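Note that the structure is predicted; figures quoted are calculated from it, not measured.
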Amino acid sequence: MIRFDEHDEAPWFDYAIPDDDVVPTADEVAAPVAAFRGRARTPRLEYVPQAAPTLEKVLLAAGFTAEGRFPLLVCPPDEVVDAPLDPSVRVALVTGDQNLWQVARVHARVGYRKAGEALYIFLR
């Protein structure tokens, strides 16, 4: 799957997510690269290495570079807890720059436990 943002060319908005356990051929790597290049975007993939353990080697051989390895946020089923819902809490779709910045600030303050990693990889 490839995601392209038609409104923003920032690299983190355009990326491919490979299928689990994929072992692509050179042609299968070239096809999404061409799709990115055709839109003047940097070819990027975001995925969990454990889900496609041989993919990184294939991508590195094709000229990709690892951009970063980031922790995954997870909650195992046995750790789910019921929490009382405060009636003043409102759940809504966040839109608009000011509201999105507020969410980003809250997200930056919230702690989490590393449960694995996601790999972001791109081709210059």
**Asked** Should we count CG of D82 as having more than 12 external heavy atoms under 6.0 Å?
**Response** no
**Asked** How many angstroms lie between CZ in R37 and OG1 in T42, if you round to the nearest 0.5 Å?
**Response** 6.5 Å
**Beyond-backbone contact of Y47 with L55, side-chain heavy atoms, under 4.5 angstrom** = yes
**Request:** Quick one: closest heavy-atom pair of A66 and E56, and the distance?
**Result:** CB-OE2, 4.3 Å
**Message:** Testing the basics here: between D21 and P53, what is the closest heavy-atom pair and its distance to 0.1 Å?
**Reply:** OD1-CD, 3.9 Å
**Request:** Taking atom types as modelled, find out whether D86 and S88 have a side-chain donor-acceptor pair closer than 3.5 angstrom.
**Result:** yes
**Asked** Taking the side chain as C-beta and beyond, is there a heavy-atom pair between F64 and L45 under 4.5 Å?
**Response** yes
**Prompt:** Going by heavy atoms in the side chains, are L72 and V48 under 4.5 Å from each other?
**Reply:** yes
**Fill in**
On a heavy-atom basis, the closest approach of T65 and L60 is CA-CD2, 4.2 Å
**Request:** May I ask whether I17 and V22 are part of the same hydrophobic cluster, defined by side-chain heavy atoms of I, L, V, M, F, W, Y residues being less than 4.5 angstrom apart, directly or through others?
**Result:** no
**Item:** is_close_aromatic(Y15, F4), centroid dist under 6.0 Å
**Value:** no
**Request:** Could you list the residues that satisfy salt bridge (Lys or Arg N to Asp or Glu O under 4.0 Å) with R39, not counting sequence neighbours?
**Result:** none
**Prompt:** Going hydrophobic residue to hydrophobic residue with side-chain gaps under 4.5 angstrom, can you get from W12 over to I2?
**Reply:** no
**Trace of the side-chain contact (heavy atoms from CB on, under 4.5 Å) decision for F13 with H7** = CA-CA 9 Å; F13 291 132; H7 304 291; over 6 Å; no
**Request:** For residues P11 and E67, determine if any side-chain heavy atom of one lies less than 4.5 Å from a side-chain heavy atom of the other.
**Result:** no
**Asked** Under the salt bridge (Lys or Arg N to Asp or Glu O under 4.0 Å) rule, what pairs show up with a residue in residues 1-15, not counting sequence neighbours?
**Response** R3-D5, D14-R41
**Request:** Would you name the heavy atoms of E46 and P18 that are closest together and state the gap between them?
**Result:** O-CD, 3.8 Å
